[in-house]
**Q** 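I have a structure here, written as structure tokens, and I will follow up with some questions on it.
No experiment lies behind these values; they were computed from the predicted model shown. Numbers for residues simply follow the sequence, beginning at 1.
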Amino acid sequence: QVQLVESGGGLVQPGGSLTLSCAASGSISRINFMRWYRQPPGKERELVAGITGEGDTTYVDSVKGRFTISRDSMKKMVYLQMTNLQPEDTAVYYCNADVYSPPPYTRWSGWGRGTQVTVSS
């Protein structure tokens, strides 16, 4: 069973920075992609950033130039570096991954439990 655990959330003032981490554990042979989603209170969950196993990245327009997603495939970690945070970035941030287990390469996808990011003056 693959598990995802997020960390690094907290309270930060507008303009501040935080780096989120997501640790994947369990039997993983290959990462298809890892993504960060966020869900503000009372709103729909949205995709913030994604990175493929090959290193290709995508971002929602609202965070381009401010957030950077990266990964360490060997450590099975994905990071979200967030700068110039604004109140509208306040949300629970979730890690999502799609991976393959060792042969016969069973595919697994799932979510972490989330980490709270609060941006407030």
Side-chain angles (χ1 to χ4, degrees):
Q1 181 69 39
V2 177
Q3 293 182 325
L4 303 173
V5 180
E6 304 97 334
S7 62
L11 175 64
V12 64
Q13 294 183 336
S17 300
L18 285 173
T19 297
L20 307 182
S21 300
C22 175
S25 62
S27 184
I28 300 172
S29 63
R30 181 166 60 88
I31 296 173
N32 184 21
F33 61 78
M34 300 187 77
R35 294 168 174 169
W36 286 99
Y37 288 74
R38 67 185 181 187
Q39 186 168 22
K43 297 183 179 180
E44 297 290 326
R45 188 175 300 185
E46 69 169 348
L47 175 64
V48 177
I51 186 166
T52 69
E54 293 72 38
D56 299 316
T57 60
T58 59
Y59 300 91
V60 67
D61 287 344
S62 61
V63 309
K64 288 181 179 178
R66 299 189 298 122
F67 291 11
T68 302
I69 188 170
S70 61
R71 86 275 189 262
D72 185 327
S73 295
M74 188 171 64
K75 294 181 178 180
K76 302 175 184 177
M77 299 280 291
V78 65
Y79 308 93
L80 186 66
Q81 301 174 73
M82 305 182 294
T83 63
N84 193 25
L85 285 161
Q86 301 299 312
E88 55 264 35
D89 297 315
T90 295
V92 178
Y93 284 71
Y94 297 92
C95 179
N96 170 254
D98 188 284
V99 306
Y100 286 94
S101 296
Y105 297 114
T106 301
R107 191 170 184 173
W108 180 94
S109 64
W111 301 81
R113 297 181 65 85
T115 185
Q116 176 72 48
V117 173
T118 302
V119 185
S120 177
S121 60

**Q** May I have all residue pairs that pass side chain to side chain donor-acceptor pair (under 3.5 Å) and include part of residues 21-32, sequence neighbours excluded?
**A**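 Those involving residues 21-32 are N32-D98.
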**Q** Can you list everything that forms a side chain to side chain contact (heavy atoms under 4.5 Å, CB included) with K43? Sequence neighbours excluded, please.
**A**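 Applying side chain to side chain contact (heavy atoms under 4.5 Å, CB included) to K43 gives P40.
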**Q** Do the side chains of P14 and P87 get nearer than 4.5 Å, heavy atoms only?
**A**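 P87 reaches P14 side chain to side chain.
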**Q** Could you grab the distance from atom CZ of R35 to atom OG1 of T52, nearest 0.5 Å is fine?
**A**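 So the gap between those two atoms works out to 10.0 Å.
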**Q** If you measure from OH on Y93 to CG on L80, what distance do you get to the nearest 0.5 Å?
**A**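 Between atom OH of Y93 and atom CG of L80 there are 7.0 Å.
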**Q** Flag yes if V2 and F33 sit in one hydrophobic cluster, no otherwise; membership is Ile, Leu, Val, Met, Phe, Trp, Tyr, and two members link when side-chain heavy atoms are under 4.5 Å apart.
**A**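 Looking at the clustering, F33 is in a separate group from V2.
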**Q** Could you go through S17 and Q81, starting from their C-alpha distance and side-chain angles, then the distance that decides it, and tell me whether this counts as side-chain contact (heavy atoms from CB on, under 4.5 Å)?
**A** CA-CA 8 Å; S17 300; Q81 301 174 73; over 6 Å; no
**Q** Going by the rule salt bridge (Lys or Arg N to Asp or Glu O under 4.0 Å), which residues pair with R66 if we only count those two or more places apart in sequence or in a different chain?
**A**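 D89.
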**Q** Does any non-hydrogen side-chain atom of V119 lie less than 4.5 Å from one of E88?
**A**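 Heavy-atom side-chain distance check fails, nothing below 4.5 Å.
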**Q** Got a sec, which hydrophobics cluster with M77, joining ILVMFWY side chains under 4.5 Å apart, including via others?
**A**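 Its cluster mates, by chain and number, are Y79.
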**Q** I'd like to know if the side chain of N96 reaches the main chain of M34, judged simply by a donor and an acceptor atom lying under 3.5 Å from each other, with no hydrogens or angles considered.
**A**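 Pair absent, no side-chain N/O of N96 close to backbone of M34.
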**Q** Under the criterion salt bridge (Lys or Arg N to Asp or Glu O under 4.0 Å), I'd like the reasoning laid out for E6 against R113: C-alpha separation, chi angles, the key distance, then a yes or no.
**A** CA-CA 7 Å; E6 304 97 334; R113 297 181 65 85; over 6 Å; no
**Q** Report the C-alpha separation of Y59 and I51 in whole Å, then their side-chain angles, then the decisive distance to 0.1 Å, and conclude whether the side-chain contact (heavy atoms from CB on, under 4.5 Å) test is met.
**A** CA-CA 9 Å; Y59 300 91; I51 186 166; over 6 Å; no
**Q** Starting from Y37, walk the hydrophobic network (Ile, Leu, Val, Met, Phe, Trp, Tyr; side-chain heavy atoms closer than 4.5 Å) and list everyone else you reach, by chain and number.
**A**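 Other cluster members: L47, V92, Y94, W111.
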**Q** Any donor and acceptor pair, going by atom type alone, linking the side chain of T115 with main-chain N or O of S7 inside 3.5 Å?
**A**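 No: the side chain of T115 does not pair with the backbone of S7.
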**Q** Measuring from atom CG of L11 to atom CD of Q116, what distance do you get when rounded to the nearest 0.5 angstrom?
**A**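 Atom-to-atom, L11:CG and Q116:CD are 9.5 Å apart.
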**Q** More than 12 heavy atoms of other residues, nucleotides or ligands under 6.0 Å from CD of E46: yes or no?
**A**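 Count over threshold, so yes.
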**Q** Do W108 and I28 belong to the same hydrophobic cluster, where Ile, Leu, Val, Met, Phe, Trp and Tyr are linked whenever their side-chain heavy atoms lie under 4.5 Å apart, directly or via other members?
**A**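 As far as the 4.5 Å side-chain criterion goes, I28 and W108 are connected within one cluster.
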**Q** Give every residue pair that meets the salt bridge (Lys or Arg N to Asp or Glu O under 4.0 Å) criterion with at least one member in residues 50-62, sequence neighbours excluded.
**A**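 As it turns out, the salt bridge (Lys or Arg N to Asp or Glu O under 4.0 Å) pairs with a partner in residues 50-62, which skip direct neighbours, are D61-K64.
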**Q** Can you list the steps and then say if R38 with V63 is a side-chain contact (heavy atoms from CB on, under 4.5 Å)?
**A** CA-CA 12 Å; R38 67 185 181 187; V63 309; 4.0 Å; yes
**Q** Mind checking whether M82 and V117 have side chains closer than 4.5 Å, heavy atoms only?
**A**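 SC-SC contact between M82 and V117 confirmed.
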**Q** Keeping Q86 on the side-chain end and N84 on the backbone end, is there a donor-acceptor pair under 3.5 Å?
**A**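 Looks like yes, one N/O pair under 3.5 Å.
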